[in-house]
Amino acid sequence: MSLTDKDVKRLNLSMPVANDVKLGEILKALQEATGGDGGEITVAWADVTGKPSTFPPSTHTHTIAQVDDLQTELDSKLESVAWGDVGSKPSTFPPAPHTHAIADVTGLQAALDDLQAEIDALKGDGGGA
């Protein structure tokens, strides 16, 4: 089974080191060199070019712009969702005006207490009014 250009791209993007050494291109070239019959080719590690100096390479990150066609691939994954398909939405939009008790909002009391402590510290009264 011959590798398609899509297979090559998927192999290259499968992990950073595969992309660094263009693993997909190497495999396709090897496949073509053997006539696609699965023949064996031996390549010495020293003859592999573009490989990282350490293996696995040190932990690092890349921006989207540094990965060829990543933004295009991500954009192709976006899909529109019809309003009728959105679950757990309010029955009216915007929802009718309403209120919630502080205790009904997770973490709100703790956040308010932290803010009050900061205000008190700035006032220099240690908690007094």
Side-chain angles (χ1 to χ4, degrees):
M1 177 170 136
S2 295
L3 291 173
T4 65
D5 288 338
K6 187 175 181 178
D7 294 330
V8 169
K9 188 174 186 179
R10 187 177 26 228
L11 282 166
N12 285 345
L13 295 176
S14 65
M15 59 184 149
V17 71
N19 193 44
D20 290 344
V21 298
K22 302 297 182 205
L23 179 62
E25 280 92 348
I26 292 170
L27 292 174
K28 188 171 184 179
L30 290 172
Q31 187 178 49
E32 290 170 354
T34 63
D37 64 1
E40 188 174 308
I41 293 179
T42 302
V43 177
W45 180 248
D47 294 334
V48 176
T49 61
K51 63 184 181 249
S53 57
T54 59
F55 193 80
S58 57
T59 302
H60 64 284
T61 61
H62 292 277
T63 64
I64 289 174
Q66 291 173 319
V67 181
D68 293 341
D69 301 320
L70 178 56
Q71 187 62 61
T72 302
E73 287 295 318
L74 291 172
D75 291 345
S76 74
K77 306 296 182 207
L78 293 175
E79 61 181 77
S80 295
V81 177
W83 181 248
D85 293 335
V86 175
S88 301
K89 64 181 181 278
S91 58
T92 60
F93 192 78
H98 62 283
T99 61
H100 294 274
I102 291 175
D104 292 340
V105 181
T106 303
L108 181 55
Q109 187 61 61
L112 291 171
D113 292 345
D114 290 345
L115 288 171
Q116 187 62 56
E118 289 182 31
I119 291 168
D120 293 342
L122 290 172
K123 285 182 182 177
D125 67 7

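Computed over heavy atoms, backbone and side chain alike; hydrogens, waters and symmetry mates excluded. Heads up: numbering here begins at 1 and tracks the sequence.
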Thr61 versus Gln66, closest heavy-atom pair with distance: O-OE1, 4.3 Å
Spatial distance of atom OG1 (Thr72) from atom CD1 (Ile64) [nearest 0.5 Å]: 11.0 Å
Distance (rounded to the nearest 0.5 Å) between Lys123 NZ and Gln116 CD: 6.5 Å
Linked, directly or transitively: Leu112 and Ile119 (ILVMFWY side chains, under 4.5 Å): no
